[in-house]
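All values below were derived from every heavy atom in this structure, side-chain atoms included, with hydrogens, water molecules and symmetry-related copies excluded.
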Amino acid sequence: MSEAGFALYNRAFPIVVELLYALCLSMFLRPFLGDRRWQKAAVVFTLHLAASLIWDRVPMPQGAFTLIVTLLLLIAARLLELKKSLALLLGLLFWNAKISSALTVESLYFMAERLLPQPVSPPEVVYLRSAILLTMLAVSHGIVLGAMLTILVRQLKKRGFTLRPRELCYLCLIPAAGILFGQVISNLLVEVKDGVLLELYEWHPALLAVVPVMALLFYGGSCLTISFQQGMDALQEEREILFVERQQAQAIQERIRQVERFYRQVRELKHEMRGHLTNLKGLASTGEYDSLEDYIAKMDGSISGFELVAQTGNPVTDVIVGDVQQKCQKQGVEFKVDFHYPMSGSYDAFDVGIILQNLLQNAVEACGKVSDGKRFIGLTGKKKGRFFLIEVRNSFAGEVMFGQDGLPVTTKPDAPMHGIGLANVRRETEKYMGEMEVSCGKQVFTVTVMLQNIE
């Protein structure tokens, strides 16, 4: 390689490297950018390049470039439809991965430079060797950085987690420390003292292994911190689900006791009916029609409360369906029921009750938000072979957006709140090795649950 070619290479190399970093950042953020991801990724790419141009032309202290790009991400967070807390975390994770991968590759570059013999002449060979080593450095860094960012994306996408101030500080602590460590080591890698070039690894060979290990530990710590926070959130969600289920079970048990009292009163009334009929005959035979009319009125009042609005074949489901039927009558919602509790099968009535409670409660809430058009809820439950199929259909207004878990998420204040409780339904469904399917179309929301007989 000629001297002119090497000079041209030296001018092009930093540009290519910045393009590589801008591409890595945009591709790292792309999975978190919602709709129109490619357009937003292009915005991130442009922001990084603009910051790199400022960095090349304006003298700034070490670490200023990292700060500039992170601030630009926070400023553009609304445009990118990113929460600022998530934008800050993603920015720190990217820079930590970039510095960790750079320190790792730098140690490999140092060893490769020592292993390859240094030619004395001709100059063309010296230039070619330098160009090859720099190219290997850039390619290796791109591969290692890409692998690290891919692992981070997969970890972040496993499940969501909360980013309240305390959690954000906790998650940002290790990547921020890794960035500071990398900045300090980068300043020490090459120094010029009294006109003599000093290389850190030349004077301290042990650091050739220690520095990349430390860098990888900071990166690994960031991944483990994210995993731990996701586990804590999952545990908290489990606790909340169990609490809700316990509250629902207690409410169902109370309503069952009410139904049992109802049946007991019916039996007592049946036992007393013979005496009432005897009294009625006596009043009629003596011609005391006024007293007869008063007696009948009192009997009518005493039995007016004996009304069971739903009969599904099980006291638990009777209570839940009956309560919803009464709510629908008060709100003017059409409620059609074709639900028959299976007489045989290993289905726990409380599990089925929790499924119905959540599905019907969501349906009632959704219908309450419908101001125009027909409001209806349809419930079916039938046994087919080894399966028990439950389906709830209802009208709704607004939009339904689905999250990564396949469950609806609320995107607008007036959106239906079907996401509440469906996690409980899925949890109960999995007990019976079943499936839950959620769909919506033409302002009709449908949830189908299939429970398998596991006897």
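A perpendicular orientation is assigned to the rings of Phe32 and Phe28, their planes being inclined by more than 60° (bins at 30° and 60°). Using the six-membered ring where Trp is involved, Phe181 and Phe218 have ring planes that are tilted, between 30° and 60° apart.
In the model, Asp351 has a side-chain atom that pairs as donor or acceptor with a side-chain atom of Tyr432 under 3.5 Å. Looking only at atom types and distance, the side chain of Glu435 has no donor-acceptor partner in the side chain of Gln452 under 3.5 Å away. A donor-acceptor pair shorter than 3.5 Å cannot be found between the side chains of Asn187 and Gln183. Between the side chains of Gln443 and Ser395, no donor N or O sits under 3.5 Å from an acceptor N or O.
The aromatic ring centroids of Tyr347 and Phe388 lie less than 6.0 Å from each other.
When all heavy atoms of Leu20 and Gly142 are compared, the closest pair comes out as CD2-CA, 3.9 Å. Shown here for Leu103 and Gly182, the closest heavy-atom pair between the two residues is CD1-CA, 3.9 Å. Considering every non-hydrogen atom in both Leu82 and Leu86, the closest pair reads CD2-CD2, 3.6 Å. The two residues Asn96 and Ser222 make their nearest non-hydrogen contact at ND2-OG, 3.1 Å. For the pair Gly381 and Phe339, the tightest heavy-atom approach, listed with the atom from each and the gap, is CA-CD1, 3.5 Å. Taking all atoms of both residues into account, the shortest heavy-atom contact from Thr429 to Leu451 is CA-CD2, 3.9 Å.
Between the side chain of Lys157 and the backbone N or O of Pro31, at least one donor-acceptor pair lies under 3.5 Å. Between the side chain of Ser26 and the backbone N or O of Phe45, no donor-acceptor pair lies under 3.5 Å. In this structure, the side chain of Ser140 does not engage the main chain of Leu137 through any donor-acceptor pair within 3.5 Å. The closest donor-acceptor contact from the side chain of Gln230 to the backbone of Gln155 lies under 3.5 Å. For Lys383 (side chain) and Gly385 (main-chain N/O), a donor-acceptor pair under 3.5 Å exists by modelled atom type. Panel note: side chain His48, backbone Val43; no donor-acceptor pair is recorded below 3.5 Å. Checked by atom type and distance alone, the side chain of Asp318 pairs as donor or acceptor with a backbone atom of Thr312 at under 3.5 Å. When atom types are taken as modelled, the side chain of Arg78 and the backbone of Lys83 share no donor-acceptor pair closer than 3.5 angstrom. Between the side chain of Thr225 and the backbone N or O of Gly221 there is at least one donor-acceptor pair closer than 3.5 Å. Although no hydrogens or angles enter the test, the distance criterion places a donor-acceptor pair under 3.5 Å between the side chain of Ser52 and the main chain of Leu49.
One finds the CD atom of Gln357 at 10.5 Å from the CG atom of Asn362 (value rounded to the nearest 0.5 Å). Taken to the nearest 0.5 Å, the CG atom of Leu379 stands 10.5 Å off from the SG atom of Cys328. Atoms CG and OH, from Leu152 and Tyr219 in turn, are 4.0 Å apart once rounded to the nearest 0.5 Å. One finds the CG atom of Leu73 at 6.0 Å from the CG atom of Leu25 (value rounded to the nearest 0.5 Å). The distance from the CD1 atom of Ile99 to the OG1 atom of Thr104 is 11.5 Å, given to the nearest 0.5 Å. From Met148, atom CE reaches atom CD1 of Ile143 across 13.0 Å, with rounding to the nearest 0.5 Å.
Look at Glu334 and Lys336 and you find a salt bridge, because one of the NZ, NE, NH1 or NH2 atoms lies within 4.0 Å of a carboxylate O, short of that distance.
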Practice item. For the pair Val321 and Val337, evaluate side chain to side chain contact (heavy atoms under 4.5 Å, CB included) and give the outcome as yes or no after the intermediate values. Key: CA-CA 8 Å; Val321 175; Val337 181; 4.1 Å; yes
Practice item. Check the pair Ile75, Leu47 against side chain to side chain contact (heavy atoms under 4.5 Å, CB included), reporting the backbone distance first and the verdict last. Key: CA-CA 11 Å; Ile75 293 171; Leu47 288 175; over 6 Å; no
Point to revise | Residue pair Cys440, Phe396: steps toward the side chain to side chain contact (heavy atoms under 4.5 Å, CB included) verdict | key: CA-CA 9 Å; Cys440 62; Phe396 74 95; 4.1 Å; yes
Practice item. Evaluate the side chain to side chain contact (heavy atoms under 4.5 Å, CB included) criterion for residues Glu81 and Lys40: first the C-alpha distance (whole Å), next the side-chain angles of each, then the deciding distance (0.1 Å), finally the verdict. Key: CA-CA 9 Å; Glu81 296 183 14; Lys40 295 173 184 175; 3.1 Å; yes
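Side chains of Gln361 and Glu365 form a contact here, defined as non-hydrogen atoms less than 4.5 Å apart. Annotation: side chain of Phe13 is in contact with side chain of Val17 (closest heavy-atom distance under 4.5 Å). Contact check for Leu171 versus Gln229: side-chain heavy atoms found under the 4.5 Å cut-off. The closest side-chain heavy-atom distance from Ile377 to Val333 is below 4.5 Å. Taking the side chain as every heavy atom from C-beta outward, Val425 and Val449 approach each other to under 4.5 Å. A heavy-atom distance below 4.5 Å is found between the side chains of Val364 and Gln331. Contact annotation: the side chain of Arg393 approaches that of Phe376 to within less than 4.5 Å [non-hydrogen atoms, C-beta and beyond]. In this structure, the side chains of Val352 and Ile390 come closer than 4.5 Å at one or more pairs of heavy atoms.
With sequence neighbours excluded, no residue satisfies ring pair (Phe, Tyr, Trp, His ring centres under 6.0 Å) with Tyr170. Qualifying salt bridge (charged side-chain N to carboxylate O under 4.0 Å, His left out) partners for Asp338, counting only residues two or more places apart in sequence or in other chains: Lys382.
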